[in-house]
There are 2 protein chains.
Amino acid sequence: MSTQLTPKQEKVLQAVRDFQAQNGFPPTVRELAEMFGQSSTAGIHKILQILREKGHLVKDGRKSRSLGIVDQGDLHEDRVRSLPILGQVQAGMPQLAYEEKEGDMFIDSEWAGPSESFLLRVRGHSMIDADIRDGDILVVRQTQTCRNGDIVIALLDDEATVKRFYKEHDRIRLQPENPNMQPIYVERDYPNFHIIGIVSGLLRKF
Amino acid sequence: MSTQLTPKQEKVLQAVRDFQAQNGFPPTVRELAEMFGQSSTAGIHKILQILREKGHLVKDGRKSRSLGIVDQGDLHEDRVRSLPILGQVQAGMPQLAYEEKEGDMFIDSEWAGPSESFLLRVRGHSMIDADIRDGDILVVRQTQTCRNGDIVIALLDDEATVKRFYKEHDRIRLQPENPNMQPIYVERDYPNFHIIGIVSGLLRKF
DNA sequence: TTTAATAGTGAACATTTGTTTACTTATTAT
DNA sequence: ATAATAAGTAAACAAATGTTCACTATTAAA
């Protein structure tokens with residue numbers, strides 16, 4: 001018996017975790033078998049035994065529903081973050097102007113990223129070719145460093161826009177992804193220009 | 001039946017809470033009876049029934065150890081839900097087949113909706129005109145009732161697809177939002193056809 | 001007093017759940 | 001090829017657990 005988990009064992013362990021998180025009590029052998037579409041309980045039973053031997057689960061004798069999960073440090077708090085939803089980006093960034101806050105929303109940390117982030121509701125159709133629509137919510141990671149092709153939130157003369165970023169020899173090109181709109185050019189040392197952050201995600205509600 | 005709890009009921013409820021906190025899973029009727037030094041389970045059973053009627057506990061049918069504690073609205077738990085991400089929809093729904101699970105993700109309850117939901121990774125470009133791209137993740141609310149124009153997950157002969165739903169006189173039209181693709185027509189009483197759910201949201205990671 | 005609500009006992013009975021045995025199938029390493 | 005491991009099926013059995021019935025005791029309210 002290796003000390004590693006096979007893919008299947010991993011899935012079963014995860015299923016136990018999920019069930020516990022979802023229901024507040026652990027699953028039975030049969031429930032697990034059903035989740036995996038298996039008609040017999042013996043297979044799952046064997047896998048649970050292995051998971052116990054490997055120390056990932058504990059169990060209280062023959063009692064039903066007494067599977068305990070061993071490791072798993074709290075998880076919840078660390079996997080979720082609350083971000084503000086802004087109706088528009090304002091001058092005065094990067095300190096967020098909470099004036100325009102529409103509300104808050106919980107996001108999986110996987111999506112919020114390590115640095116400061118916020119959510120921004122899109123106005124207008126300038127990014128229609130990038131499949132970003134009016135009303136969509138963007139996940140914006142606040143940063144000054146961006147690479148060619150990134151979709152950025154830029155602040156130009158206190159006007160905020162969503163554009164694709166391209167650095168050219170002596171200027172920056174802000175490219176809308178809409179055939180009907182023209183790119184904006186910003187000279188190298190134009191004073192009133194800032195990159196607020198880059199778009200790392202998109203949320204849309206139907 | 002008053003809405004208040006008697007001292008005894010209070011004690012039993014507290015015992016359930018303690019047991020859950022201590023063991024990670026809920027107590028059985030007999031265990032509770034033992035805790036209170038009672039030789040019969042019927043008394044505790046009756047009290048548990050009352051606690052359920054008064055809304056302090058919930059329980060899943062006849063299942064053992066399925067007592068859930070209601071109040072204690074930690075806020076966090078209520079505003080966030082964990083949904084599985086599926087790589088594809090399989091035959092055998094609506095019981096989700098865990099085989100195809102890619103992982104989990106926390107979603108704001110605002111987006112997950114009240115009924116059963118899951119996340120589905122999009123394969124292919126059939127909905128490109130609806131600005132849904134290959135690789136996007138859809139929030140799917142499991143339901144059989146959908147209206148014309150809804151974007152649905154449909155299961156046709158064990159093949160799952162994302163299409164726009166239109167009910168016509170004697171058939172259903174599943175319309176891809178891609179000019180290069182043809183609609184699919186399903187006759188009224190075609191046997192191997194199911195609506196899995198409707199798409200209520202979209203998540204995209206850049 | 002009578003009645004209703006609460007709490008309890010003992011003894012069944014019904015279901016759920018855990019466990020085991022025997023056999024099959026794939027895959028992988030020797 | 002052979003053996004070992006992981007995973008699965010089907011069927012049975014044992015134990016744990018939930019539920020119900022009939023009856024008793026206490027207390028508070030009508």
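Naming: A, B, ... by sequence-line order, numbering from 1 per chain. Note that the structure is a prediction, hence the values are computed from the model and not measured.
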#### Entry: Between D:dG18 (C1') and B:Leu57 (CG): distance, integer Å
15 Å

### Message
Check this for me, if you would: do B:Arg188 and B:Glu168 make a salt bridge, where the nitrogen-to-carboxylate-oxygen distance has to be below 4.0 angstrom?
### Response
no

### Message
Looking at every non-hydrogen atom in both residues, tell me the closest pair between A:Leu174 and A:Phe193 and how far apart they are.
### Response
CD1-CE1, 3.8 Å

### Task
Please report, rounded to the nearest Å, how far the C1' atom of D:dA15 is from the NZ atom of A:Lys59.
11 Å

### Message
Side chains of A:Arg52 and A:Gln49 only: does a donor on one sit below 3.5 Å from an acceptor on the other?
### Response
no

### Query
In whole angstroms, how far is the C1' atom of D:dA6 from the CD atom of A:Glu10?
15 Å

### Task
With sequence neighbours excluded, give me every salt bridge (charged side-chain N to carboxylate O under 4.0 Å, His left out) pair touching residues 191-206 of chain B.
A:Glu110-B:Lys205, B:Asp136-B:Arg204

### Query
How many Å lie between CD on A:Gln9 and P on D:dG8, as a whole number?
10 Å

### Task
Whole angstrom is fine here: how far is it from CD1 in A:Ile50 over to P in D:dG8?
11 Å

### Task
Verify the distance criterion only: is there a donor paired with an acceptor across the side chains of B:Gln14 and B:Arg17 at less than 3.5 Å?
yes

### Query
What is the distance, rounded to the nearest whole Å, between atom NE2 of A:His45 and atom C1' of C:dA22?
16 Å

### Message
Generate the contact string for nucleotides 8-16 of chain C. Rules: B means base contact, S means sugar-phosphate contact only, - means no protein heavy atom under 4.0 Å.
### Response
BBB----S-

### Summary
Separation of D:dT17 atom C1' from B:Leu32 atom CG, nearest Å, is 12 Å

Contacts under 3.5 angstrom, residues 176-184 of chain B side chains, donor-acceptor by atom type, not counting sequence neighbours:
unit_1: B:Glu177; atom_1: OE2; unit_2: B:Arg164; atom_2: NE; d: 2.6
unit_1: B:Asn178; atom_1: OD1; unit_2: B:Asn180; atom_2: N; d: 2.8
unit_1: B:Asn178; atom_1: ND2; unit_2: B:His125; atom_2: O; d: 3.0

## Note on the structure
Whole-Å distance, A:Gln49 CD to D:dA6 P, equals 12 Å

